[in-house]
Protein chains: 2
Amino acid sequence: MNKKRTTLKDIANVLSISTAAVSKALNDDARISVKTKKAVKQVAKELNYQPNHLASALRKGKSKLVGVIVPRTNSHFFSSVVESMEGVLNKAGYNIIITQSNESFEKECNNIDTLLYLQVDGIIASMANETVDLSFYEKIKSNGIPLILFDRGENDLNVDYVGINDYASSHMIIEHLVAQGCKRIAHIGGYRRTRIFNNRIRGYIDAIKKHDLPHDDELLIESSLTLEDGRQQIKKLLALKNRPDAVYVASDYAALGALQVLKEKNIKVPEEIKLVGFGNEPFTSLVTPSITSISQHSKQIGKLAADTFLSYVEKDVVEQSLNKIILDSELIIRDSSK
Amino acid sequence: MNKKRTTLKDIANVLSISTAAVSKALNDDARISVKTKKAVKQVAKELNYQPNHLASALRKGKSKLVGVIVPRTNSHFFSSVVESMEGVLNKAGYNIIITQSNESFEKECNNIDTLLYLQVDGIIASMANETVDLSFYEKIKSNGIPLILFDRGENDLNVDYVGINDYASSHMIIEHLVAQGCKRIAHIGGYRRTRIFNNRIRGYIDAIKKHDLPHDDELLIESSLTLEDGRQQIKKLLALKNRPDAVYVASDYAALGALQVLKEKNIKVPEEIKLVGFGNEPFTSLVTPSITSISQHSKQIGKLAADTFLSYVEKDVVEQSLNKIILDSELIIRDSSK
DNA sequence: TATATTTGTTTAATCGATTAACCAAAAGTA
DNA sequence: TACTTTTGGTTAATCGATTAAACAAATATA
C-alpha cells in the first residue's frame, strides 16, 4: 500500500532539480533541455506519477470538467446524446459529470448547485419537465460559465441551443397520417411552457388546418407524457363521442402507454386507430405493433452540443454570437400507422 | 457578469477579520463567537459566497466525489442502482461521477484512470463483460481508495461486493419451469469468467440435475447476452433435432432478441416454448407476450453499495472486514412462461 | 575583449481553504 | 493582587501544480 501519491517534489528530489523544472518538463516547455525532459519523464514513470488534478485545476482556474444535466439517463435518447458528447469532450481533455433531474425542478436546482460547487468549466443541460423558474440557469450565466441547452430548451433564456425541428416534425407526422387516410387526428402533447412541446403543438395545429381537418379542442391534450399519463389520456380520447382515427403522441413513452390501453380494449392498431410516437426509442420497434416515431439524431445533437461548448473555451472569445442549431428530424414509419 | 467569485478573503475584508476566522465561522468552529459567526454568514450570503471546492479538496485531501462505473446507463437496472446510490451519497455530502464502459475493457480502464485523476474518494463499479484483466482494479486498491463492486463482480478480487443470489435465482427459474411441465430446458447464459454468469450457469446445471432432466451440452450456451446475440443463439437452439421446450436466458435483452426470432418464426410462446429472462427490465412487461424475469432489487443494491462505501470513509477504520452482501431475488412470472 | 543574446533553470508567488501553533484580552480562581 | 484558564481570535504554513520574474552560464555578436 503506497500511502502517499508521488508529487512533483518527489521527482524533483530524485533528480536534484526544482519542482518548477519538473512541471515544465512534463508540460514540454520549450525552455527545458531535452536531456532533463527525458530524465524527468523517466523518473515520473518509475514513481508512477499521477498529476494532482485538484492542485492543477485550482491553480489554472479550470477544472476540465463539464457538467451534464439530463431528465434521466435511462432513456435511449438521453443516454445516446450523453455518450456522443462524452466522446467529443474526452478527446478534448474534458471529463463529464452526469447528473439526472428525474424531471424534478428541485433536483435540477440541486444539480446546478453541485456542478457549480465542483467548479465545472461548463454545463450542458436538458431541462426537466417541471422547470419554469429559470433563475438557477441565470445563476450559471452570471457565474460566467458557458451554458448549452439541448432538446428541452427555453426561448426566454438567451443561451446556445441544439435540438431538432419540432414544428416541422409535427408537419411530417400529420402529412404521413393524412396520406394514410386519417381524417380526425388527435394530439397528446407536452406542456406548452416547454419550448419543444409548444413547437410540436403549433406544428400539429398548423398542419391540421392546412389540410382542413377538424381541430376540436378535445383532440388536443397537454400532459406530462409519462407512460402512465399516456394511458390516462388515451382513455379520455376513447371516451369521446367522436373518436379520433389517429393519435400523435409527443413522446414514445406516453405512446407506449396509449398502445397498452388500446390493446387491452381490443382496439386494432393501426386498423381502427393509427398511432405515432416521438423519439424513436428502441422499444418502439420491439412492441407489437411496432410504433411509428420521429428519430432525433441523438448522436449528432450530443456532438454539436459538445462542439459548441468547446468553441467557448478553446478560443477565448469574449462575445460570441449565440448558436441555435436546429437539426432536421426523420420519420420512421412502422406498423402502428400503416 | 460578476467576473470573480467571492472568496473567504472578500468576506474577511468586509468584516476586517482574518480569513481563518471566516473559515472557522462558516464551519461552526467552537472557538468563534456567535456574534462573529452571524456576521460572517450574513456577509457570505450577501456576497453569494460559494466555497471553492477545489481548494478545500486539495487542502483536506478529500474530494467528496465518488466515481461510479457501469457498463451502460441506459439499462433500467443500472440507472436505478445509480439513482438510489446517488440519493444515499448526496445525503452524506458526496457527489458522484458516473462513467460508462459500454462493456469495453479499454473504456473501463480509461474510466478508472479518469476517476483516479479526479481524486475521487472511492469507486463503486460493475465490471464490463469484456473485463478479465484485473490490474486496473488492483491499481485502485493500491492507491488506497475504497472499491466496491456490485452485480458484475469477481471472486479473485478481494473487495466488497453487493449482488443478488444468482445461483438460487437459477434454481427458482428451473423450479418454476418444471412446475409448468417443461422437460427440456435450455440456458443461454453469459460467459463463465464473470462471476454472476458462472453462478447462474452452476445454478442451472444443479437444478436440472436435481430434477433428473437432460443436461446435454447443446442446451447450454455461453454468449455476450446482447439483444442481437439472443437472436443468434435462439436460432441455434431451434436448429437442434431435439428442440428445448423452455429457454432460460441470463439477460432480458438477449431474451428479447430470442422472443423476436420466435415470433418471426411463428413459434408460439409460451405454448411451444416457454421463455424466461433475467433482470426485470421494464420492457419485459411491455412486450407481447410479457416476459417472465428475475427482479434484482436494484434500489437496495445501490443503497447497500453506497452504505458500504460510507462505512469506509465515515469512521476511519483501518482494517475492516470485507463485506460480501448477497440479496435474495424475486421471480416475476409473466405470460412467456405460463 | 566587451557586450548582447540565448539557454536552462531556480526562486518565489499564487490559486483558496484549512489548521496547527500562537497570542492577547477577558474572566475565573486562590 | 497574582496567577490560571477560557474565549476569540490571528499568523503562518500547507495542500501540489503552475508561472512570472529573476538569474547564472553558455554562446553569439560587435
Side-chain angles (χ1 to χ4, degrees), chain A residues 2-41 43-44 47-65 93 116-121 143-144, chain B residues 2-41 43-44 47-65 93 116-121 143-144:
Chain A
N2 343 359
K3 324 222 134 185
K4 270 192 244 164
R5 300 166 62 111
T6 305
T7 69
L8 287 190
K9 204 171 185 177
D10 298 325
I11 301 177
N13 285 342
V14 171
L15 297 169
S16 299
I17 57 175
S18 69
T19 63
V22 176
S23 170
K24 288 179 183 166
L26 290 173
N27 291 307
D28 271 322
D29 188 298
R31 307 296 297 260
I32 297 293
S33 70
V34 176
K35 206 174 82 182
T36 309
K37 280 184 189 172
K38 267 204 176 143
V40 167
K41 286 176 183 171
V43 174
L47 298 185
N48 186 29
Y49 171 73
Q50 287 200 260
N52 185 322
H53 173 251
L54 262 28
S56 133
L58 172 60
R59 179 62 228 258
K60 300 209 279 199
K62 312 202 169 299
S63 65
K64 285 285 180 176
L65 248 35
L116 292 177
Y117 174 70
L118 293 176
Q119 321 258 113
V120 295
D121 291 343
N143 268 39
Chain B
N2 343 359
K3 325 220 133 185
K4 271 191 245 163
R5 301 167 62 111
T6 305
T7 67
L8 287 188
K9 204 171 185 177
D10 298 325
I11 300 177
N13 285 342
V14 171
L15 296 169
S16 300
I17 56 176
S18 70
T19 63
V22 175
S23 170
K24 288 179 183 168
L26 291 173
N27 290 308
D28 272 323
D29 188 298
R31 308 298 297 259
I32 298 294
S33 71
V34 176
K35 206 174 83 182
T36 309
K37 280 184 189 171
K38 268 205 176 141
V40 167
K41 286 176 183 171
V43 175
L47 298 185
N48 186 31
Y49 170 73
Q50 289 200 259
N52 185 321
H53 172 250
L54 262 30
S56 130
L58 172 61
R59 181 61 228 259
K60 299 208 280 197
K62 312 201 167 303
S63 65
K64 284 285 178 177
L65 248 35
L116 292 178
Y117 174 70
L118 293 176
Q119 320 258 116
V120 295
D121 292 342
N143 267 39

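Note that this is a predicted model, so its numbers are computed, not measured.
When the side-chain nitrogen and oxygen atoms of A/Tyr49 are compared with OP1 and OP2 of D/dA17, one or more of them lie within a distance under 4.0 Å. In terms of phosphate contacts, A/Ser23 brings a side-chain nitrogen or oxygen within less than 4.0 Å of OP1 or OP2 of D/dT18. Applying the 4.0 Å criterion to OP1 and OP2 of D/dT18, one finds that A/Asn27 has a side-chain N or O inside that range.
Nearest to the side chain of A/Thr36, among C/dT19, C/dA17, C/dT9, sits C/dT9. Closest to the side chain of A/Asn52, out of D/dA17, D/dG9, D/dT11, is D/dA17. In this structure, the nucleotide among D/dA17, D/dC15, C/dT10 sitting nearest to the side chain of B/Leu58 is D/dC15.
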Practice item. Start with the C-alpha distance between A/Thr7 and A/Asn52, add both sets of side-chain angles, then the distance that settles side-chain contact (heavy atoms from CB on, under 4.5 Å), and finish with yes or no. Key: CA-CA 8 Å; A/Thr7 69; A/Asn52 185 322; over 6 Å; no
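In this structure, A/Leu47 and A/Val14 have side chains that are in contact, with non-hydrogen atoms separated by less than 4.5 Å. Residues B/Arg31 and B/Lys24 fail the side-chain proximity criterion, which asks for heavy atoms closer than 4.5 Å.
Residue B/Ser18 is in base contact, counting any heavy-atom pair closer than 4.0 Å across all strands shown. Contact annotation for B/Ile17: backbone-only contact, meaning every heavy-atom pair under 4.0 Å involves sugar-phosphate atoms and none involves a base.
Going from atom CG of A/Asp10 over to atom P of D/dG16 covers 9 Å, rounded to whole Å. In this structure, CG of B/Leu26 is placed 16 Å from P of C/dG16, rounded to the nearest angstrom. Nucleotide C/dA17 holds its C1' atom 12 Å from the NE2 atom of B/His53, rounded to whole Å. Straight-line distance from the CD atom of B/Gln119 to the C1' atom of D/dC15: 11 Å, rounded to whole Å. One can place NZ of A/Lys9 at 13 Å from P of D/dA13, the figure rounded to the nearest angstrom. In this entry the distance linking CD1 of B/Ile11 with P of D/dT10 reads 14 Å, nearest Å. If you take CG of B/Leu8 and P of C/dC15, they are 13 Å apart, rounded to a whole angstrom. Rounded to a whole Å, the CG atom of A/Asn13 is 13 Å from the P atom of D/dG16.
Among the candidates B/Asp28, B/Val22, B/Thr36, the single residue satisfying the side chain to side chain contact (heavy atoms under 4.5 Å, CB included) test with B/Lys41 is B/Asp28.
Scanning residues 28-35 of chain B for heavy-atom distances under 4.0 Å to DNA chain C yields an empty list.
With values rounded to the nearest 0.5 angstrom, A/Thr19 atom OG1 is found 8.0 Å from A/Lys9 atom NZ. If you take CG on A/Leu58 and NE2 on A/His53, they are separated by 11.0 Å, rounding to the nearest 0.5 Å. With rounding to the nearest 0.5 Å, the separation of CG in A/Leu54 from CG in B/Leu65 is 8.5 Å.
Two residues, A/Thr19 and B/Lys60, neighbour DNA chain D, and the one matched to the more 5' nucleotide by heavy-atom proximity is B/Lys60.
With hydrogens and angles left out, the side chain of B/Lys24 and the base of D/dT10 share a donor-acceptor pair within 3.5 Å.
Closest non-hydrogen pair, B/Tyr49 versus B/Leu26, comes out as CE2-CD1, 3.7 Å.
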